[in-house]
Amino acid sequence: MPLPSAPASMTTSLLSAPSFGKPNVKAGFFKTATEADGTPVAAIAAVQEFGAVVRGREGHSIVIPPRPFLRQTVATRRTAWVRLLAQALKTSLRTPGRAGDARHALQTLVQRLSTPTQALTTVGKAMQTDITQTIHQTHTPPNAPATIRHKRFDKPLLETGTLQNSVTFQVEA
């Protein structure tokens with residue numbers, strides 16, 4: 001069954017505005033993730049996130065209700081991600097001091113400030129885990145009876161495991 005047109009990627013960023021050239025981290029579904037038949041996982045995620053009406057094999061309309069797992073995760077975890085980033089940056093700035101070598105310590109500090117990759121990676125892993133957990137914990141709205149017959153179980157957002165296993169993150173530093 002063809003899906004409505006959807007973006008090649010569907011992600012959330014820790015920053016609220018485009019960060020042209022600035023370090024950032026994004027998590028979600030990137031255009032490289034596809035189903036075995038080539039369907040972009042981001043398209044499937046968008047349909048699940050926002051809902052859709054698709055045409056069934058016999059030509060009838062099928063209503064897929066929204067299951068906003070990505071927006072829900074962002075709403076509940078964003079503050080924790082920001083705190084985690086602050087803590088990870090603070091930790092990365094702690095340099096083991098060597099007596100009499102203030103210049104080396106300062107150079108190390110400047111280098112760590114200019115490349116926050118490790119701190120962003122820490123947050124990206126947390127974002128990935130949180131999104132995956134939300135997918136796993138989503139139980140409403142329940143699947144339609146026809147979907148349950150097809151899948152042979154009633155677990156929204158899970159059929160092949162591709163959606164859950166395709167959540168990833170990217171750090172741009």
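Hydrogens, waters and symmetry mates play no part in the numbers below; they use all other heavy atoms, side chains included.
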* Structure fact -> Output for pair (Glu159 CD, Ile44 CD1), nearest 0.5 Å, gives 9.0 Å
* Verdict with supporting geometry, Thr91 and Gln87, side-chain hydrogen bond (donor to acceptor under 3.5 Å, both in side chains) -> CA-CA 6 Å; Thr91 299; Gln87 183 59 44; 3.3 Å; yes
* Asked: Under 3.5 Å, is there a donor-acceptor pair between the side chain of Arg67 and the main chain of Val47?
  -> no
* Between Glu49 and Leu70, is there a donor-acceptor pair closer than 3.5 Å when you use the side chain of the first and the backbone of the second? -> yes
* Closest approach of Leu89 to Pro116 (non-hydrogen atoms, all atoms of both residues) -> CD2-CB, 3.7 Å
* Structure fact -> d(Thr147 OG1, Lys155 NZ) to nearest 0.5 Å is 13.5 Å
* **Main-chain N/O of Gly124 paired to Lys26 side chain as donor or acceptor, under 3.5 Å** => no
* Given Thr132, Thr134, Val41, the one that forms side chain to side chain contact (heavy atoms under 4.5 Å, CB included) with Val167 -> Thr132
* To do: Report the C-alpha separation of Phe50 and Arg71 in whole Å, then their side-chain angles, then the decisive distance to 0.1 Å, and conclude whether the side chain to side chain contact (heavy atoms under 4.5 Å, CB included) test is met.
  => CA-CA 10 Å; Phe50 300 106; Arg71 291 175 289 170; 3.7 Å; yes
* Asked: Applying the side chain to side chain contact (heavy atoms under 4.5 Å, CB included) test to Phe69, which of His136, Gln164, Gln48, Gln137 qualifies?
  -> Gln48
* With rounding to the nearest 0.5 Å, note down the distance linking CG in Leu120 to CG in Leu84. => 10.5 Å
* To do: Check the pair Phe153, Asn143 against side chain to side chain contact (heavy atoms under 4.5 Å, CB included), reporting the backbone distance first and the verdict last.
  => CA-CA 9 Å; Phe153 60 92; Asn143 285 314; 5.9 Å; no
* To do: Search all heavy atoms of Ala27 against all heavy atoms of Gln128 and return the closest pair with its distance.
  => CB-N, 4.4 Å
* Hey, could you give me the CZ/CD1 distance between Phe169 and Ile131, rounded to the nearest 0.5 Å? => 11.0 Å
* To do: State, to 0.1 Å, how close Pro141 and Pro156 come at their nearest heavy-atom pair, and which atoms those are.
  => O-CG, 3.4 Å
* Do Asp130 and Trp81 have side-chain heavy atoms sitting under 4.5 Å apart? -> yes
* To do: Starting at CZ of Arg78, measure out to CE of Met127 and round the result to the nearest 0.5 Å.
  => 8.0 Å
* **Where Val171 and Thr117 come nearest, the two heavy atoms and their spacing** => CG1-CG2, 4.1 Å
* Donor-acceptor side-chain pairing of Thr129 and Gln133 below 3.5 angstrom -> no
* Nearest heavy-atom neighbours spanning Pro142 and Asp154 -> CB-OD2, 4.0 Å
* Judged by atom type as modelled, is there a donor-acceptor pair below 3.5 Å linking the side chain of Lys151 to the main-chain atoms of Leu158? -> yes
